[in-house]
Student: 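Okay, handing you the structure first.
Proteins get letters first, then strands, A, B, ... in listed order; numbering begins at 1 in each. These values consider heavy atoms only, across backbone and side chains, with no hydrogens, waters or symmetry-generated copies.
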Amino acid sequence: MSEASGAPAHRYTATVAGEIERRWQDYWEKNGTFRAPNPVGDLAADGAPTGDKVFVQDMFPYPSGAGLHVGHPLGYIGTDTFARFNRMLGRNVLHTLGFDAFGLPAEQYAVQTGTHPRVTTEANIANMKRQLRALGLGHDERRSFATTDPEYYRWTQWIFLRIYNSYYDAEQGKARPIAELAAEFADGTRETPDGTPWADLTRAEQSEVLDTYRLAYVTESPVNWCPGLGTVLSNEEVTAEGRSERGNFPVFRRNLKQWMMRITAYADRLVDDLDRLDWPEKVKAMQRNWIGRSHGAEVHFPVEQDVIEVFTTRPDTLFGATYMVLAPEHPLVDTLTTEAWPADVDSRWTGGASTPQEAIAAYRRQASMKSELDREENRDKTGVFTGSYATNPVNGARIPVFVADYVLMGYGTGAIMAVPGQDQRDWDFAEEYGLPIVRTVQPEKGFDGQAYTGDGPAINSANDSGLSLNGLGVDEAKKTTIAWLEEHGHGKGTVQYKLRDWLFSRQRYWGEPFPIVYDVEGIAHALPEDMLPVELPDVDEYAPTTYDPEDAETKPSPPLEKATDWVEVELDLGDGPRPYRREVNTMPNWAGSCWYQLRYVDPTNDDAMCDPENERYWMGPQPETHGADDPGGIDLYVGGVEHAVLHLLYARFWHKVLYDLGYVSSQEPYRKLFNQGYIQAYAYTDARGVYVPADEVTEENGTFFYNGEEVFQEYGKMGKSLKNVVTPDEMFDQFGADTFRFYEMSMGPFDDSRPWATKDVVGAQRFLQRLWRLVVNEDTGELRVSESDTVEPTEDDLRALHKAIAGVRADYVDLRFNTAGAKLIELNNYVTKTYGSAESTPRGLVEPLVLMLAPLCPHIAEELWRRLGHETSLTNGPFPEVAERYLVDDTVEYPIQVNGKVRSRITVPADADNDAVQAAALGEEKIAALLDGGEPRKVIVVPGRLVNVVV
RNA sequence: GCCCCCGUAGCCCAACCGGCAGAGGCAGUCGACUUAAAAUCGAUCAAGUGCGGGUUCGAGUCCCGUCGGGGGCACCA
C-alpha cells in the first residue's frame, strides 16, 4: 500500500522496514542480546550480574489456534518498551514469555479430530512464537517454556506434593511440614483430635487424622458438578447465575469426592498483604470482596434440647432480634419442625398447610426447584414457620424460628438472627409475616427509611444480667456485647469469610496428573520426588464422558480412568512392590500459572524448581528501594483485569505456602501489577443481523454502508465471527513492525481500552519516515548527518532536545508510552522544520532522538544507530541524559488575568521575584488602562505561571 | 439495587499540586511535487471540557446533583 511506484529508492517503506526488521531480529537472536544473567547456575555469566535488576512479566498466554489479532500484543509491546528502556539505563532485565498450554481448546480439538493435544499445542506455540518474533520483542528465549513440558510440570507436581505434605499451624500463622505435626502427635506434644494416643491408632487411622490437616486434601463435599462439561468446577469458575463460565452450562451442587486446596487458611494473610502491594485499587477491592472477611460474633440461641448457632456482624443489635431464620437445607430443620401448629398461629406463617411438617416439606421442595436466576429475579421474601421457638440469650425473649430461602446454607452457619430494625431484608420479611420490629439504634434526625443500618446510639438494649448498651455507638456496643456473650457462654467474637477452599481436581485429560497413588485399601500415597514427573499416558479417548447438561444425577468419569495400563501400577514405596491405582483426575488449568515466575528465574534447573539464590536476586524483598514492608515479587506484571480474582489469588496462595516452607524469600509473587486496556473494534451487521466484513464498510454522514446497503455499527471485541479481525501479520506487511508498535503505544494510555483504526496507523509511519529522512538521503541512501564539528546544535535546539529527554524519561518510567511517543514526534517535527531542507542534520540532535525512540521502535533505531557509525547494539544504552540548564529559560512570559480572564502578557527575567512580577504586570499598558488609576482589590502572582488581578 | 472508572475538536487522545484548554495522530481545507492521481512534503481550520449547581481570585481538574458509556458485586447475615 505504501509501495507506490516512483517512491525514492531509499524511502522507509514497509518493504525496507521489513528487511531491516528481519535483519535485526536475526542479529539479536544470534548474539543472545536479551539474555539476562543469573547469579548462579546454568544461566550465570562470568562474574556477578551488574546494574540493578528488573523483572518484567506478561500474563501467560494460552496458545490459541486462531493466532493473534492486533489486540493481543498490546501488553507485550508495553512490557517490551519498558524492559528495553530499563536495559538502556544499564539494568539487568529479565523478560521472557512462556505458554500456559494445558486447557480445554486443545483437548476439544483432540476430541473432534483425534489429534493428540500435544501436537495441536506445539503447532500453536510455534505459530505464536513466529508472530511474537516478528514484533521484535526482546525476550530471553532461553527462559521460555510451556506448562505442558514434562520438565516444567514435574515441578508443578513437586509443589503439589509440598502443599500436600504441609499443614497450617494456626498459632505460628504459617504452613509447616506435616511430618512435624505427626511428630508432635507421636511424642504427645499435641493431643490427637479424639484423644487416643497416636501409637494406639492404626497406620490407616493415623493417615486419616493427618489428612484432615493437609493443605491439599480429598474430601467428599458439595462441589460444582457440570454434567454438560463432564467435570467439576471451582467456585471461581461458576457465574453468579449458577452456570459454568466456560460453555454456560448449568452447574449443580453435588457431594463428590474431590481434591481441595486449603486456601481458606490463608484468608487473613491474603487480605492483609494486599496493603503491601502496588496494585490497582480496583483489583485489590475485587480480591477483598471475594475473600469477604467480616468480623462479628457467633451467638447460641437455645431451642428445646438444641442450639441454633448464628453468625452476625451486628451483635450490638441482639435486643432487636425478633425471630430467627434457617436456610432450607439447614440440618436442624428436621428436628425443629413440630408435629402441629401452636393454637394461636398466624395464618400467614403456615403456608396454608395443616401441619408444620407439610408446610416445611412443601417449602423445601419449592426452594430446591428454584434456580439461582429465579431467586435473583424474585426477591420477595418467603418462608414458613417451623413451629419451634428459640430463646434470645440477651433478654430471654421467645422468638419464632422460620425457614426461608433468603438465608443461604453456604455462608456463615446457614442460620441467622433476624433484626428487622437494622436489616432491610429482615424488615421486608417481618412486614410480610407480621413480626415485631424493635429499633435498637437511634436513627439520625430526619431518617424516614425502614431498616436503619447507620451509626447511632443504642436504645432498648439492656438486661438484668449486667449488659447495657444504651447510649453506646455501634462499635463500642459490639465489643461490649461480645465480651458479655463470652463471659456468659452464649457465644464469642469470630470472623467469617466468603472464600471457600479451592476445588483442585478436574475430570480432564489435558492437565497435570496428580503425583498420588492409592493402595488396595484406598489410602492415598504421595509419590516420592524421584518418581516425578508423572507423565500423561496416551489414550484413545480424550474427552470425559459428558451428559445431558440438565441431568444432575450423573457422575464424573475422567478420561484417564480408561488408561488401565497406566492407572494400575506396581510400585515400591518403601515396603516392597505393591499394587497401586493412580489418581485419575488432573489438576485445573490454574496450576501451571501459579508459579511460572519462579521457573522463569531458573528455567533449566534440574535439582530444584529454582535456586534460592536466583530467586532472592530476582524476586527477593528490597526494603532499601521499596520500603521496610516490601514483600518482594516481580517488578512489573502486566495483564488483563479478567484475572483479578482467579489466577492472582491462587498464585499468591501458592507463593505464600512456598515462602512459609522456606523455598522462596519473597512473600508475594507480584509486587507491582498493571492492567492494560483492551483494543476493541467496530463490527457491522446488516438488516438481517448478520455480520459483514468490517473493512469493507464505508461511512457517509454518520451512516454506514456495505455493498450499498445500510449496515449498523456495534462496538466491542475483535473476533472471527464478528468479521472485524485485524492481524499483526497484515500490519507487518502494510507498515512494518516498528510502525505497528508505535501506533499501538500511541493510541492512548496503556490502561485504557480504545478502538482499533487501521486508517490511523499511517500517522506512525509518516513519523518514522520523517525521522529516517533526517538521517538517510532518500534518493542516494547516503548519510545526511553532520560530523559533530561541522554543525553544532543551537541553544534553541538544545532546549527542545533536553525538554524532550526529560519528558520522555519520565513517561517511560510511568508507562505513559502515548505521551512519550508524542514528545518524540514533537522533537522530530522541530528538527525537521529546522534542518529538513538544510545540507545536513546535526548529529547532536539526531543521535539522542534515535536512542529515545529505541524502546518503542527498536529495529529502525538499531539500523539508524548502526548507520550513524556505531559498531555495537544500542540495547544497553546509552540513554540520553538531561542537562538541567537547558530546562530553565532566561525569561518567562506571564499571562496577566483580570478577574480570571487573560487580558495581556508580560515577559520578565526568570529570576524576578513576585513583587517585581506584580509591579511589571500592573505597569503593563493595557492593565494600567483597565485599572484606570484605581487600586486592584487583590493581585495573585503564581511564580512561573501567571498573574491574576482582581478589581 | 450497591460500589468503582470514564465523558475535552468530526475521531483517537494531551493538559503534573486547581493557574494561558492543546502535546501528538487521523480526517477535513489550502498549497508544493505530478500531464493527472496516489504516496510524500508544507501550511491551515477546529472544542471552552456531557448537563445543572457549588467552593475559589481562578475549575477540564475539588464538592453536590444529573445524564450517558464501561466494569465489578449482588439476599454474604
Student: Please confirm whether the ring centroid of Trp427(A) lies under 6.0 Å from the ring centroid of Tyr452(A).
Tutor: no
Student: Going by purine N1 to pyrimidine N3 plus the second Watson-Crick contact, or the G-U wobble pair, all under 3.5 Å, which nucleotide sits opposite U55(B)?
Tutor: none
Student: Could you work out which one of U40(B), C57(B), C75(B) sits closest to the side chain of Tyr406(A)?
Tutor: C75(B)
Student: For C73(B), does OP1 or OP2 lie under 4.0 Å from any side-chain N or O of Arg288(A)?
Tutor: no
Student: Please measure how far the P atom in U66(B) lies from the corresponding atom in G1(B), and state the result in whole Å.
Tutor: 12 Å
Student: Any strand is fair game: report the nucleotide pairing with A43(B) by Watson-Crick or G-U wobble, both distances under 3.5 Å, or none.
Tutor: U29(B)
Student: Report the distance from atom NZ of Lys284(A) to atom P of C3(B), rounded to the nearest whole Å.
Tutor: 21 Å
Student: So, under a plain 3.5 Å distance rule, would you say the side chain of Asp760(A) forms a donor-acceptor pair with the base of C26(B)?
Tutor: no
Student: Without decimals, in angstroms, what is the distance between Glu329(A) CD and C75(B) C1'?
Tutor: 13 Å
Student: Which word best sums up how the rings of Tyr682(A) and Tyr715(A) line up, parallel for under 30°, tilted for 30 to 60°, or perpendicular for over 60°?
Tutor: tilted
Student: With under 30° as parallel and over 60° as perpendicular, where do the rings of His802(A) and Tyr886(A) fit, or are they tilted in between?
Tutor: parallel
Student: What is the pairing partner of C75(B), taking Watson-Crick or G-U wobble pairs with both distances under 3.5 Å in any strand?
Tutor: none
Student: When the distance from CG of Asp751(A) to P of G71(B) is rounded to whole Å, what number comes out?
Tutor: 16 Å
Student: For Asn724(A) and Tyr684(A), what are the C-alpha separation, side-chain angles and deciding distance, and is it a side-chain hydrogen bond (donor to acceptor under 3.5 Å, both in side chains)?
Tutor: CA-CA 8 Å; Asn724(A) 61 355; Tyr684(A) 301 87; over 6 Å; no
Student: Quick check on RNA chain B: between Val645(A) and Gly748(A), whose nearest nucleotide comes earlier from the 5' end?
Tutor: Gly748(A)
Student: If you find the nucleotide of RNA chain B closest to Asp752(A) and the one closest to Gly821(A), which residue's nucleotide is nearer the 5' end?
Tutor: Asp752(A)
Student: Report the nucleotide, chosen from C57(B), C20(B), A14(B), that has the shortest atom-to-atom distance to any side-chain atom of Ile940(A).
Tutor: C57(B)
Student: How close or far is atom P of G25(B) from atom CZ of Arg741(A), stated in whole angstroms?
Tutor: 21 Å
Student: On a whole-Å scale, what distance lies between the C1' atoms belonging to U34(B) and U40(B)?
Tutor: 12 Å
Student: Using distance alone, with no hydrogens and no angle criterion, decide if Ser746(A) and Asn818(A) have a side-chain donor and acceptor under 3.5 Å apart.
Tutor: no
Student: Say you pick atom C1' in A38(B) and the same atom in C20(B); how far apart are they, in whole Å?
Tutor: 41 Å
Student: So if I take every side-chain heavy atom of Val762(A) and compare against U40(B), A23(B), A77(B), which nucleotide ends up nearest?
Tutor: U40(B)
Student: Kindly give the heavy-atom pair with the smallest separation between Ile860(A) and Asp738(A), and that separation in Å.
Tutor: N-OD2, 2.8 Å
Student: Respond yes when some side-chain nitrogen or oxygen of Arg770(A) is under 4.0 Å from OP1 or OP2 of G25(B), and no when none is.
Tutor: yes
Student: What integer distance in Å separates Lys282(A):NZ from C6(B):P?
Tutor: 11 Å
Student: Side chain of Pro755(A), heavy atoms from C-beta onward: which of C20(B), A77(B), C12(B) has the nearest atom to it?
Tutor: C12(B)
Student: P atom, C30(B) versus A23(B): distance in rounded Å?
Tutor: 25 Å
Student: From the list G19(B), C75(B), A14(B), which nucleotide is the closest neighbour of the side chain of Arg425(A)?
Tutor: C75(B)
Student: From the list A23(B), C57(B), C26(B), which nucleotide is the closest neighbour of the side chain of Thr819(A)?
Tutor: A23(B)
Student: Only pairs with both distances under 3.5 Å count, Watson-Crick or wobble alike; so what is the partner of G7(B) in this structure?
Tutor: C67(B)
Student: Using OP1 and OP2 only, check whether a side-chain N or O of Asn829(A) sits under 4.0 Å from G25(B).
Tutor: yes
Student: Would you say the side chain of Arg905(A) and the base of C20(B) hold a donor-acceptor pair, judged only by whether the two atoms sit under 3.5 Å apart?
Tutor: yes
Student: For U49(B), give the paired nucleotide (Watson-Crick: N1-N3 plus N6-O4 or O6-N4; G-U: N1-O2 and O6-N3; both under 3.5 Å), or none.
Tutor: none
Student: Choosing from C75(B), A77(B), C20(B), which nucleotide comes nearest the side chain of Lys381(A)?
Tutor: C75(B)
Student: Taking the same atom, C1', in C16(B) and in C12(B), what whole-Å distance lies between them?
Tutor: 22 Å
Student: With a 4.0 Å cutoff (strictly under), does any side-chain N or O of Thr832(A) reach OP1 or OP2 of C41(B)?
Tutor: no
Student: Syn or anti: how is G7(B) classified when any glycosidic angle within 90° of 0 counts as syn?
Tutor: anti
Student: Can you tell me which nucleotide in A23(B), C76(B), C20(B) comes closest to the side chain of Pro895(A)?
Tutor: C20(B)
Student: Using a strict 4.0 Å threshold on nitrogen-to-oxygen distance, state whether Glu744(A) and Arg741(A) make a salt bridge.
Tutor: no
Student: Can you find a side chain N or O atom of Arg766(A) that sits less than 4.0 Å from OP1 or OP2 on U40(B)?
Tutor: yes
Student: Determine, using ring centers only, whether Tyr433(A) and Tyr323(A) are less than 6.0 Å apart.
Tutor: no
Student: Taking 4.0 Å as the cut-off, does a side-chain nitrogen or oxygen of Asn818(A) come that near to OP1 or OP2 on A14(B)?
Tutor: yes
Student: What is the base-pairing partner of C17(B), counting Watson-Crick and G-U wobble geometry with both distances under 3.5 Å?
Tutor: none
Student: Are a donor atom and an acceptor atom from the side chains of Thr440(A) and Gln422(A) found within less than 3.5 Å of each other?
Tutor: yes
Student: Tell me: CG of Asp405(A) to P of A77(B), nearest whole Å?
Tutor: 18 Å
Student: Indicate syn or anti for C17(B), taking the glycosidic torsion and treating anything within 90° of 0 as syn.
Tutor: syn
Student: Whole angstroms only, please: what is the CG-C1' distance between Asp423(A) and A74(B)?
Tutor: 14 Å
Student: Could you work out the separation of G24(B) and A43(B) based on their P atoms and round it to a whole Å?
Tutor: 11 Å
Student: Of the candidate nucleotides G19(B), U40(B), A77(B), which contains the atom at the shortest distance from the side chain of Thr312(A)?
Tutor: A77(B)
Student: Using the P atoms only, state how far U49(B) lies from C2(B), rounded to an integer number of Å.
Tutor: 29 Å
Student: Separation of Asn675(A) atom CG from G72(B) atom C1', in whole Å?
Tutor: 13 Å
Student: Provide the distance between the two C1' atoms, one in G71(B) and one in C62(B), to the nearest whole Å.
Tutor: 25 Å
